Amino acid sequence: MLEPFVVPPPTLDERRAARIAEREFGTQGTATELGGERDQNFRIDVDDGEAYVLKVSSPADDDASLDLQTEALRHIQRTDPDLPVMEPVPTIDGSPWTTIEDEETYHVRLFTHVPGRPVPGQGLDAEALFEYGAVVARLGKALRGFFHPDADYDILWDLRHVPELRSLLDSVTDPDRRELAERILDRYEDRVEPEFDSLRAQVIHNDLTLDNVLLNGADRVGGIVDFGDLTHTALVSDLVMAVASVMYRREDPIEAAQDVIRGYVSVTPLEDEEAELLADLVAARHLTWGVTVAWRLAEHPEKTDAHSVDGVDDGWDLLRSLDERGLDVIGRRLRAAAQSGAVPHSRTDTSELLSRRREVLGSSPLSYDDPVHFVDGDGVWLYDPAGRRYLDAYNNVQVVGHANPAVADAIAGQARTLATNTRYLHEAPVKLAERILATMPDELDRVLFVNSGSEATDTAWRLATAATGNAGAIVSENAYHGITEATTAQSPTIWPEGMDPDHVETVTPPIDDVHHEDRTAADPVQADPVQGMTESLATLEKRGTGTAAWMFDPLFTSDGIHPPHEARTGSMVDRVHEAGGLVIADEVQAGFGRPGESLWGFRNAGLIPDIVTIGKPMGNGHPVAAVVTRSEIASTLYDRTGFFSTFGGNPVSCAAALAVFDEIEKRDLLSHVVDVGAYLQDGLAELAAEHERIGDVRQQGLMVGVELVRGPEMREPASSEATAVVNELRHRRVLIGSTGADGNVLKIRPPLVFERSHADRLLATLDDVLSDLPRHG
């Protein structure tokens, strides 16, 4: 395999090249020598303006390899005649090549000249990179049906031979580079080598770098040259060569790689196994170049030209940066590009994006004082444009993890098949409704599909008013239930100053006694919530509205996260029913396994609501929500106005929700939440013993509230400190939020796939941030 790098290339002069072109091929013109690593190439310009390339091949190339290249070019011209590949020109006697005698016997061929020039990758924009990737895929597609008896051409550039680089490592004298090379090889042998022979394979070009894919003045592909490395190997290797070629000397090499990948998959989608190994294969390609150059310089310096060495230091620097970022992190970004479809785009700089957003979205809220820009996600991790990862301990929408493959595949598969509405029969909404009801009390037997939590709670309110004939609502003191007109009125946490709807009364959450201990005058024990409910019901009756429903989040998230006291909550439910109202459990934040022991928070409180609303995590990011109730309650709305949602219950949304149910069951996430939740609780208890700022820790499963206070005795809400902690954690790449009437409760609600190791990182970082806060103030 190393023979082509050892055998000296031909050394003809331009005059002799011109004579060979005329004598052997009948082409009279002026010869100008071009570059070449193993071969010698001359441009032949003839008087009529035509141009050709005379190639004098390395002695290492025999008749079989030349026939392979000739037949491959002919096959490409038949299958994709628009590809700008060079065309073989026969000799005067009709042969595809001739031979000459010099110091060695050399094969000589003539090809039509293709326009373009080699262009460094750092100057190419996203559209040029996208087209480059698409052309690489087209060439592979054109060679798909090509077969040749000598296609197993053994060459080191074939990525299957990467482990053989170990025999050359003595030539890598720099100890840091040697250690890096061994680390990359160890990973390759562990991850790639066992899978390589199972990847899609065919005859490929195998060296589609920007030296061999020529660009025109507009930086678009004008020609494809040098088929000397053709061999039968993994199809994805062509993409790997192209990706590696564009990464040098770029501010964001991964973004450039992604643009090439997007172009490639617009023609030939990658299989999952190929996408999974992309980062390792790209690193292996960079390593192959660095090691072989080091070997050639050590063993045959007289046969190594400057062109071969140019940029090799940049290559090692790039490989080191990839290693420091982490190939797993880079692999995530490359896989995301492989799955992104066919639309090329340039990623916007964060500051520019922020400015543009303000122009079109106005004061639409952003998390954190320093907004964070994400481009990718995986499980509990989010990634910014630089590839830095952030631990997501806040987002309860992606309940089974960011970019969950099972959910994504379900959405894509159904979207490619059918997306319609529930006025037509389809299995998906029926199956999903059955799946939901199987988790609910027997009394609840009807499902209404909508698109969001706000729509669900709004529909629940319509059901309650229709079923009871009443118009009054009871909610907790700092509740949040949605953004529609009706649900905004039932969301005190977002009431503007002066808003106090006559038909809405608030009650204190039914907090467990353990969270009332050691309160002082500055933080008094709250009023009896059962008595408060009795008074609120009476107030609504006096106003003439009566009570249509008590709507509550079973974990009272917006009130500061308060897992309810079962007996008190049951008594409050009884009071509502006695007054003729219904009970609505808003599971949009608390549901889908977050409580741990059950899918639903109301189950842990020992309740049977009249109506349940579910949303947010239901589609793991896809908009889908539902209302669950009794048939007689549903009938009151159907009988009065009917009910239909154009998108509610569409097959794509239902496929997403069904996949979420599958993931929760298959991965036993309820038990997992109990285990990790208990582990996190123990860790937070240790922090509370060390940090006087922590006044209370309230938790159920993976819904956690850490209350921050000022002063160990007065326990004044530490609102500004909570804001500072949330923002400092963001800068240390751990994401949480805050909640409660005073905004002093740290809200921790990670995806349910959160592991103990992730909890360790959260706890350690929170410990550091709390330690940096002033002790008093």
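Along the sequence shown, residues carry numbers from 1. Fair warning: this is a prediction, and the values are worked out from it, not measured in the lab.
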Check your understanding: Side chains of Arg749 and Thr557: is there a donor and an acceptor less than 3.5 Å apart?
Key -> no

Point to revise | Validation row: Ile511, Arg698 side chains within 4.5 angstrom (heavy atoms) | key: no

Revision key, fill the gap. What one should report as the nearest heavy-atom pair of Cys654 and Ala428 is CB-CB, 3.7 Å

Practice item. Evaluate the criterion side chain to side chain contact (heavy atoms under 4.5 Å, CB included) for residue pair Ile694 and Leu770; output intermediate values, then yes/no. Key: CA-CA 9 Å; Ile694 299 180; Leu770 289 172; 3.9 Å; yes

Review point. Going through the checks in order, is the side chain to side chain contact (heavy atoms under 4.5 Å, CB included) test met by Val583 and His577?
Key: CA-CA 8 Å; Val583 173; His577 283 154; 3.8 Å; yes

Point to revise | Met618 CE to Leu658 CG distance, which is reported to the nearest 0.5 Å | key: 8.5 Å

**Study point:** Ile483 atom CD1, over 12 foreign heavy atoms within 6.0 Å
**Key:** no

Review point. Under 30°, 30 to 60°, or over 60°: which ring-plane class applies to His758 and Phe754, parallel, tilted or perpendicular?
Key: tilted

Practice item. Any chance you could lay out the side-chain hydrogen bond (donor to acceptor under 3.5 Å, both in side chains) test for Thr547 and Glu541, step after step, and finish with the verdict? Key: CA-CA 7 Å; Thr547 300; Glu541 191 65 31; 5.8 Å; no

Review point. Is there a side-chain contact between Arg667 and His672 (heavy atoms, below 4.5 Å)?
Key: no

Review point. What is the ring orientation for Tyr638 with Phe643, classed by angle as parallel under 30°, tilted 30 to 60°, or perpendicular over 60°?
Key: perpendicular

Check your understanding: Nearest 0.5 Å, what's the OG1-OH distance between Thr488 and Tyr480?
Key -> 7.0 Å

Review point. Using the ring of each side chain (for Trp, its six-membered ring), is Tyr390 parallel, tilted or perpendicular to Phe374, with breaks at 30° and 60°?
Key: perpendicular

Review point. How far apart are the closest heavy atoms of Val652 and Ala419, and which atoms are they?
Key: CG2-CB, 3.8 Å

Practice item. State, with a plain yes or no, whether a side-chain heavy atom of Ile474 is found less than 4.5 Å away from one of Met572. Key: no

Review point. What residues, two or more places apart in sequence or in another chain, satisfy side-chain contact (heavy atoms from CB on, under 4.5 Å) together with Glu597?
Key: Asn604, Val674

**Study point:** NZ/NE/NH1/NH2 to OD/OE distance under 4.0 Å, Asp675 and Arg756
**Key:** yes

Revision key, fill the gap. Here the gap from Asp668 atom CG to Lys666 atom NZ, rounded to the nearest 0.5 Å, amounts to 13.5 Å

Check your understanding: How far apart are the C-alpha atoms of Val628 and Trp600, what are their side-chain angles, what is the distance that settles it, and do they pass the side chain to side chain contact (heavy atoms under 4.5 Å, CB included) test?
Key -> CA-CA 12 Å; Val628 187; Trp600 316 115; over 6 Å; no

Check your understanding: In Å and rounded to the nearest 0.5 Å, what is the CD1 to CE distance from Ile614 to Met440?
Key -> 5.0 Å

Check your understanding: Any idea which heavy atoms bring Leu752 and Leu702 closest together, and the distance?
Key -> CA-CD1, 4.1 Å

Check your understanding: Any donor and acceptor pair, going by atom type alone, linking the side chain of Glu505 with main-chain N or O of Leu540 inside 3.5 Å?
Key -> no

Study note, to complete from the structure: Scanning both residues in full, the closest heavy-atom pair of Val673 with Gly596 reads CG1-CA, 3.5 Å

Check your understanding: Regarding Asp767 and His691, is there a side-chain donor-to-acceptor distance under 3.5 Å anywhere?
Key -> yes

Check your understanding: With a 4.5 Å heavy-atom cut-off, do Asp458 and Arg462 have their side chains touching?
Key -> yes

Point to revise | side chain to side chain contact (heavy atoms under 4.5 Å, CB included) assessment of Ile561 paired with Ile748 | key: CA-CA 10 Å; Ile561 304 176; Ile748 301 169; over 6 Å; no

**Study point:** Residues, nucleotides or ligands: over 12 heavy atoms within 6.0 Å of Leu361 CG
**Key:** yes

Point to revise | Phe661 and Phe592 aromatic centres sub-6.0 Å | key: yes

Review point. With a 3.5 Å cut-off and no angle check, do the side chains of Ser720 and Arg710 form a donor-acceptor pair?
Key: yes

**Study point:** Over all atoms of both residues, closest heavy-atom pair of Ser536 and Val507
**Key:** OG-CG1, 3.5 Å

Review point. Considering only heavy atoms from C-beta outward, does the side chain of Leu463 approach that of Asp610 to under 4.5 Å?
Key: no

Review point. Residues in side-chain hydrogen bond (donor to acceptor under 3.5 Å, both in side chains) with His731, at least two apart?
Key: none

Check your understanding: Do you know which of Asp586, Thr493, Thr457 makes side chain to side chain donor-acceptor pair (under 3.5 Å) with His481?
Key -> Asp586

Review point. Ser653 and His622: side-chain donor and acceptor closer than 3.5 Å?
Key: yes

Review point. In Å and rounded to the nearest 0.5 Å, what is the CG to CG distance from Leu729 to Leu391?
Key: 10.0 Å

Practice item. Tell me yes or no: between the side chains of Thr487 and Trp461, is some donor less than 3.5 Å from an acceptor? Key: no

Check your understanding: For Asp442, does the CG atom have more than 12 heavy-atom neighbours from other residues, nucleotides or ligands under 6.0 Å away?
Key -> no

Practice item. Decide yes or no for Thr539 and Arg543: does some side-chain heavy atom of the first lie under 4.5 Å from some side-chain heavy atom of the second? Key: yes

Check your understanding: Does the side chain of Leu763 reach to within under 4.5 Å of the side chain of Leu684, using non-hydrogen atoms?
Key -> yes

Exercise for review: Please examine the side chains of Asn744 and Glu721, heavy atoms only from C-beta on, and report whether any two atoms are closer than 4.5 Å.
Suggested key: no

Exercise for review: Over all heavy atoms of both residues, which pair between Pro492 and Asn478 is shortest? Give the atoms and the distance, please.
Suggested key: CB-CA, 4.3 Å

